[in-house]
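One structure is given below, encoded as structure tokens.
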There are 2 protein chains.
Amino acid sequence: MSQLRLITRTTNQRQVIYDYVQGASLSHPTAEHIFRAVRKKLPRISFGTVYRNLLALEQQGLIVSLFYAKEHARYDALVDNHYHFVCEKCDKVENISLEEMQEINKQISRRHGVQVHSHRLYFYGLCSDCSKIKKV
Amino acid sequence: MSQLRLITRTTNQRQVIYDYVQGASLSHPTAEHIFRAVRKKLPRISFGTVYRNLLALEQQGLIVSLFYAKEHARYDALVDNHYHFVCEKCDKVENISLEEMQEINKQISRRHGVQVHSHRLYFYGLCSDCSKIKKV
DNA sequence: GTAATTGCAAACGGTTTGCGATCTC
DNA sequence: GAGATCGCAAACCGTTTGCAATTAC
């Protein structure tokens, strides 16, 4: 997330990493899974290379990362059911009062044969203050 | 998340931390925000105490933590829109194909005067394998 | 008095980064 | 050849933890 450049060269490492993630997509591998698997073909590869390439692939839109905690943990004493909106510019977090979506848990449980107990839903965008500002 | 005990004593530290989080709930403070604020009343308090009490308060259901990444980052080469289900027992991640919920972004934008660009939605529960097992 | 809790400081662990060497184009 | 990328190792940083001292009950 800290690097912005999109310049890209097709290195062997990047290709092997992408091939593995694509083939193993259904298992949703972690960086360590990927590292271990790719090291079988490229024994000298390092974690740094894996992370840098995963970031590059994500920036190219070829893969997606899940549960990536760019945000720090935050705490809320309002424990009733509500959701949260995160401003991507100023990091403000706002409460979103939405009609509870318990039905959706049941719907997913039925369709996928799983037992859904809870869900987490976050919205991202620009808050009202930040969306006013056109130029800085 | 690693501690399970619920035994609780009302210490001054815990009370001050809870009071602050409750009063500052709308700002959704981070652990560091809380640490800095609480230190004004309790100059000798440590980060360890803050984190331990936030965990205790969460286990008592008095506060809620957001964006807490218990999961490692995971990668997915299926970049079309879909959601994910996480088994809380075996950590398996499954794809959830759900009709796109773009309308919900518009709805939130309208109600809250913000510009929602995206949302993240995760489901948690027991996968079909783990929900079969009654006893181990 | 006993056990939970604290303050301190060190450890943890996933991720990032600086650097000289290497590879892509 | 220029500069993106690699391998290596150290740094980063939010969070956790071991331990002796303190505190709540």
Side-chain angles (χ1 to χ4, degrees), chain A residues 1-21 28-60 62-75 91 93, chain B residues 1-21 28-60 62-75 91 93:
Chain A
M1 282 316 126
S2 48
Q3 299 173 22
L4 288 180
R5 45 199 164 117
L6 259 173
I7 306 99
T8 276
R9 284 181 181 173
T10 308
T11 62
N12 192 28
Q13 287 88 339
R14 185 164 302 169
Q15 187 68 53
V16 172
I17 289 170
Y18 178 62
D19 289 349
Y20 175 74
V21 175
H28 301 86
T30 65
E32 186 171 0
H33 292 147
I34 297 164
F35 171 71
R36 288 194 193 159
V38 167
R39 198 170 42 169
K40 291 176 186 166
K41 288 194 177 174
L42 305 170
R44 301 182 58 76
I45 202 169
S46 69
F47 259 109
T49 299
V50 170
Y51 278 111
R52 275 185 287 231
N53 277 302
L54 289 172
L55 181 60
L57 290 168
E58 186 170 15
Q59 287 176 164
Q60 292 175 68
L62 292 172
I63 67 172
V64 155
S65 67
L66 311 174
F67 315 118
Y68 187 98
K70 14 183 177 186
E71 306 94 0
H72 294 173
R74 294 197 176 227
Y75 298 89
D91 287 331
V93 176
Chain B
M1 282 315 122
S2 49
Q3 300 173 21
L4 286 179
R5 47 199 162 115
L6 260 173
I7 306 99
T8 276
R9 285 180 180 173
T10 308
T11 62
N12 193 29
Q13 287 88 338
R14 185 164 302 168
Q15 187 68 53
V16 172
I17 289 170
Y18 178 63
D19 289 348
Y20 176 74
V21 175
H28 300 85
T30 64
E32 186 170 359
H33 292 148
I34 297 163
F35 171 70
R36 288 194 192 158
V38 167
R39 197 169 43 169
K40 292 177 186 165
K41 286 193 179 176
L42 305 170
R44 299 182 60 75
I45 202 169
S46 68
F47 259 110
T49 299
V50 169
Y51 278 111
R52 276 185 288 232
N53 277 303
L54 289 172
L55 180 60
L57 290 168
E58 185 170 17
Q59 288 177 164
Q60 293 175 67
L62 292 172
I63 66 173
V64 156
S65 67
L66 312 174
F67 315 117
Y68 187 98
K70 12 183 182 187
E71 307 94 0
H72 295 172
R74 294 197 177 227
Y75 298 89
D91 288 329
V93 177

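Proteins get letters first, then strands, A, B, ... in listed order; numbering begins at 1 in each.
- What separates CG of A:L55 from C1' of D:dT5 is a distance of 13 Å, to the nearest Å.
- Of the listed nucleotides (D:dT5, D:dG7, C:dT5), D:dT5 has the atom at the smallest distance from the side chain of A:R14.
- Residue B:T11 is classed as a sugar-phosphate contact, given heavy-atom separations below 4.0 Å to backbone atoms only.
- The residue B:T30 sits apart from the nucleic acid: no heavy atom pair falls under 4.0 Å.
- In this structure, the nucleotide among D:dG7, D:dT17, D:dT16 sitting nearest to the side chain of A:R52 is D:dG7.
- Counting all heavy atoms, side chain and backbone alike, B:R14 lies closest to B:L57 at CG-CD2, 4.0 Å.
- When rounded to the nearest whole Å, the span between CZ of B:F47 and P of C:dT6 equals 15 Å.
- Rounded to a whole Å, the OH atom of A:Y51 is 16 Å from the C1' atom of D:dC8.
- At a cut-off of 3.5 angstrom, the base of C:dG14 holds no donor-acceptor pair with the side chain of B:R74.
- Distance from the side chain of B:S46 is smallest to C:dG7 among D:dA24, C:dG7, D:dA4.
- Close to D:dC8, at under 4.0 Å from its OP1 or OP2, lies a side-chain N or O of A:R44.
- Comparing B:A31 and B:N12 by the nucleotide of DNA chain D whose heavy atom lies nearest to each, the residue mapping closer to the 5' end is B:A31.
- Residue A:N53 is in sugar-phosphate contact alone, with no base atom involved, counting any heavy-atom pair closer than 4.0 Å across all strands shown.
- Between the side chains of B:S65 and B:E58, at least one donor-acceptor pair of N or O atoms lies under 3.5 Å.
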Give the C-alpha distance, both sets of side-chain angles, the deciding distance and a yes or no for side-chain contact (heavy atoms from CB on, under 4.5 Å) between B:I17 and B:I45. CA-CA 10 Å; B:I17 289 170; B:I45 202 169; 4.1 Å; yes

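- Counting to the nearest Å, the C1' atom of C:dT5 and the CD1 atom of B:I17 are 11 Å from each other.
- As a whole-Å value, the separation of A:Q15 CD from C:dT24 C1' is 14 Å.
- Distances shorter than 4.0 Å separate some side-chain N or O of B:Q13 from OP1 or OP2 on C:dG7.
- The distance from atom CD1 of B:I45 to atom C1' of D:dT15 is 16 Å, rounded to the nearest whole Å.
- Rounded to whole Å, atom P of D:dT15 lies 13 Å from atom CZ of B:F35.
- Candidate nucleotides D:dT23, C:dT15, D:dG7 were compared by shortest atom distance to the side chain of A:T49, and D:dG7 ranks first.
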